[in-house]
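Everything below concerns the one structure shown next.
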Amino acid sequence: MSEFYLVRVHVTLKKGVMDPQGEAVKQGLLTLGYQGVKEVRVGKYLEVALEAPDEEEARRQVEEMCRRLLANPVLEDFSVDIHAAQRHQEEHENTSAYSI
Amino acid sequence: MSEFYLVRVHVTLKKGVMDPQGEAVKQGLLTLGYQGVKEVRVGKYLEVALEAPDEEEARRQVEEMCRRLLANPVLEDFSVDIHAAQRHQEEHENTSAYSI
Amino acid sequence: MRFGVIVFPGSNCDQDVYYALKEVLGQPVDYLWYAETRVDGYDCLILPGGFSYGDYLRPGALAGLSPIMTAVKEFALRGGIVLGICNGFQILLEAGLLPGAMLRNRCLQFRCQDVYLRVENNRTPFTGRFARGQVLRMPIAHNEGNYYVDPATLERLKEKNQIVFRYCTREGKITPEANPNGSVDNIAGIINEEGNILGLMPHPERCVEELLGGTDGREFLASLLDWWAVQGLRRSSNSC
Amino acid sequence: MKEAVWRQMGLTDEEYERIKTLLGREPNYVELGMFAVMWSEHCGYKHSRSFLKMFPTEAPWVLQGPGENAGVIDIGDGQAVVFKMESHNHPSAIEPFQGAATGVGGIVRDIFAMGARPIALLDSLRFGPPDDPRNRYLLSGVVSGISFYGNCIGVPTVGGEVAFAPCYSGNPMVNVMCVGLLEHGRVQRGRAAGIGNAVMVAGAPTGRDGIHGATFASEGLNEASEERRPSVQVGDPFREKLLIEACLEVVKEDLLEGMQDMGAAGLTSSAAEMASRAGTGMEIDVDLVPRREEAMTPYEVMLSESQERMLLVPKRGKEERVKSIFARWGLEAAVIGRVIGDGVLRVREGDRVVAEVPAEYLTKECPVYVGRRKPPAYLAEAQAYDCSALPEPADAGEILLRLLSSPNIAAKEWVYRQYDYMVRTDTVVGPGADAAVLRIKGTRKGLALSTDGNSRYCYLDPETGGAIAVAEGARNVSCVGARPLGLTDCLNFGNPEKPEVAWQFYHCIAGMSRACRRLNIPVVGGNVSFYNETGGKDIYPTPVVGMVGLLENIKARCTPGFKAEGHVVLLLGETLDELGGSEYLALIHGVVAGRPPRLDLDREAAVQETVREAIARGLVEAAHDCSDGGLAVALAEMCILGRMGARFHLEEAGRVDSLLFSESQSRVIVSAPPENLAALEALARARQVPFKVLGSCGGRALEIMVGAATVVNLTLEEMEGAWRGSLAAFLEG
Ligand SMILES: Nc1ncnc2c1ncn2[C@@H]1O[C@H](COP(=O)(O)OP(=O)(O)O)[C@@H](O)[C@H]1O
Ligand SMILES: [Mg+2]
């Protein structure tokens, strides 16, 4: 029997790695008048809907995915949150949705 | 007196908006053999270090930033988490670091 | 007709548009710096292609907040002609001057190539020299030209005849294969309801001379001059 | 000094002794770090300097040869072209996207450091075979990195090359060439002139990026390389675009004494080089250098390889004007020190002097090594290989299709459609022809640009291979109608401490130099990349040539596609029985052996002159050289590019495969209206260039008869399918 999980993955730049995007966003926010903004870092956020036998296995798989594909170990760190999810079969055959 | 906050912003594509990147990541994961992957959505994750008088004001500001810049309302939804943060003043004047 | 080409940090087709207008079409043209707050004295404002703010965050997002955009909005509101090319189109979308938004190309790669375009609406100031259904050839060069708009707005665009260019085959057929980026309904360019703000992903300024392999872009820009001349006649006959 | 510190930094014991002798004392830690980067192979050219002297570097039209940030040649009308090529092999092996992106950024800075507007980029790429997913990952990462950076800064990538061979698995080759345009009076030099003048750093703030990148590029790749990953830098093309505009504005206002980009070895190298070129010294306070990270040590500031930075020496009293121009472009420019007179590079942290070294010790006292040279063991046997024992193919048409779909020969559209090759609206002939052609606005002139190399030839015979690289580059430029005026090179080799690699290096340069002299093409700049090895195995010797040619009249230019039915097709030059080192031999027979084709430089010069004159006089409508895959591949490409078939009749002469696929040099195919035949023949005869009518254009198929037998009969669709779709099929599955 397998379960559904909704996995939330955060991929962020390693400390010390320059973040031109974050810098540009910060400048944009300052221009808009948000003088309180001290720093902005931009990362990626992925939601992965996963079928796996159990939570432990789901975590093992996703962490491996991160190392192999989702994050670039040279420049990025990642973190993984796992939530048991429900699968909603929708009216159309091939579409489904997952929610925590 | 003002406080420091570390604000975590998630920007995700609206339901129904096609996500070519998520689709490509899903295909990549399937190719690597992760057959349990049912869906992948790719979004953005921003960390904003913010100085504001209080948490309420920090939230108000960041939600406004999201509406004005960080998310595109045609395509994207956003969510905001706020954490009180500590500022580490370092020896050099202009640089500082934040942590929750 | 006096043109203003807006220079945002990271614009890189500003000089190309300037050259096309000045050297090829012989029109008066100036650069306008993004930090300006006034755009008086111009008949047409052009937002050129490039990577304003590096396309960081989202293409056009940061440029959409530039000081000059307030003036551009007022200018457009008074009926001034505004043209956004490629990144300029993206800026117009982000600034809310045109409906919709851009996603990454379906292929997730930058695409630089010639495409065919079908003229869907020739009753705009920009397309008077073309016949409806005419097929043009123009270059594209972008990473995020996958136009998205919600179904209701798309219906309205169609109803109001706001879709000006669609990607097509050499023969003028609208097919998925002719669509270089996954754009909804093969849309390559749209105009606002009032008919004075146009945005398109292809680069007319890159095909204004035989030497560069095509002149459809020159006809596109020359349509504006024709239109302006007619407006001038109207203006003077009205004033009599 | 604690034992082995210098060894960790990549210096030998002898080098450390030399430093002590020069200084008359022990260096401190900061000084040692500065020596280590400046005396690294990458910055110091320890193993190459003595050989590079073989290159001819002068010609009446050379305004600046090697020694500055880039070479400069005169193209008349008070205009000059600036160009240089550089490698980013090691960073790209570790992080292909950022490695390639920052490679583009670096070479572009070399060009605008000279005061020139960058107008074109070209690349030269080598990977392991694309059936290995790791190689595909590297290729797509490198291409998207170049696309990301080059497109954003608005410099078109107008040409290049991509090749595959097993030796590049694990050590891909990423060379990028940048070309710029300037007016004579505006040439800037990397000189810290004028004692008392300010020294400014402009552009990005300094972080801990890529510390010891130069030393990293000076050692082989191994398991431990993965550990050194933090030295990979992140590129910010947006900032580079602003930097280009700001620097050119500063040049236009004539505010500078000197300017230099900060590349490998960062502030240390730009400061030392600027001072040493001008015979001055420099005093720098690291506290004044704008930072991106907290608590950086003087050592880190001096060695950081943060991207998108420039070092400027403004004219006296112009500091504020310089600052305000940079500020308008949203960039910081800060005074960090002064030019001083005693030839010393003095580094302070506030009041404290943390390093004090004569600048020339860093730049000129670097040891030069001329090691033992000996031919590699594989060579004699490989060269002795006898091609005449090969079975002749039963179906030459099928072989031709396989060659057309070989990743080395197939269309490179999958690569270049990711590059904006049209921005700046000067690209008259883009990627896909023998050379790219750019018009120069406001004149009738055009520039022709190409990058070329054939490492298989160099592996089998470095001297001939090196000469062919130059000849082929010149030939490609001649095939569009331009006269080659100068070249830049990138010499990618294995570990130079090995006598075999030193031997290959020496002979490649000897061959290149010979070809340059005969064809009258000066070398005005270049770059050396050594230690291209993985697990002790070296890459093929891979010299790459970036050629620049001038078209006096851009209207008289030529492209390779056939133009009209009924045009006759002629071969200038001669096909010999030369299958050694060919793509045919490697792909179809799995053999990398034999001797590469001979190169007769007098013949080469004569063929190129003939082609150029024929194009200038408007006698030919298409021209294409025979390179990888030989005559049959060249003819097929001309059909595909012209969307037109052709029929050929070749005289029987020996082996059919040799006739079709031999890679004999100095051959160009041209097509022309029949009425021009006599004039063409006269041109060829006047230079003793062999001349043969092969057939004529027309129809929807390529048909080749040898004697009475039809050996190839392929439709345009068949050929195009094999050639155009192949790379995408490899890369996208
Ligand atoms: N990496 C690349 N980037 C841009 N253009 C490329 C690249 N590789 C090949 N091309 C283009 O494809 C065409 C064919 O390349 P190639 O087979 O190396 O030509 P040639 O044999 O004439 O030197 C050239 O016009 C070249 O500019
Ligand atoms: Mg060629």
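Because the structure is a prediction, the values reported are computed rather than measured. Protein chains get the first letters and strands the later ones, always in sequence-line order, with residue 1 at the start of each.
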Legend entry - Distance in Å, A:R41 CZ paired with B:L6 CG, rounded so as to fall on 0.5 Å steps: 12.0 Å

Inset, instruction - Could you tell me the separation between the NE2 atom of A:H10 and the CD atom of B:E47, rounded to the nearest 0.5 Å? - result: 8.5 Å

Legend entry - Sorted by number, residues from residues 56-69 of chain B in contact with chain A (heavy atoms, under 4.5 Å): B:Q61, B:E64, B:M65, B:R68, B:L69

Inset, instruction - Only counting residues at least two apart or in another chain, list the ones meeting side chain to side chain donor-acceptor pair (under 3.5 Å) with A:Q27. - result: A:E23

Legend entry - Stepwise side-chain contact (heavy atoms from CB on, under 4.5 Å) test for A:L70 and B:L29: CA-CA 9 Å; A:L70 306 181; B:L29 291 173; 4.3 Å; yes

Inset, instruction - Calculate, to the nearest 0.5 Å, the distance between atoms CD and CZ belonging to A:E39 and B:F4 respectively. - result: 12.0 Å

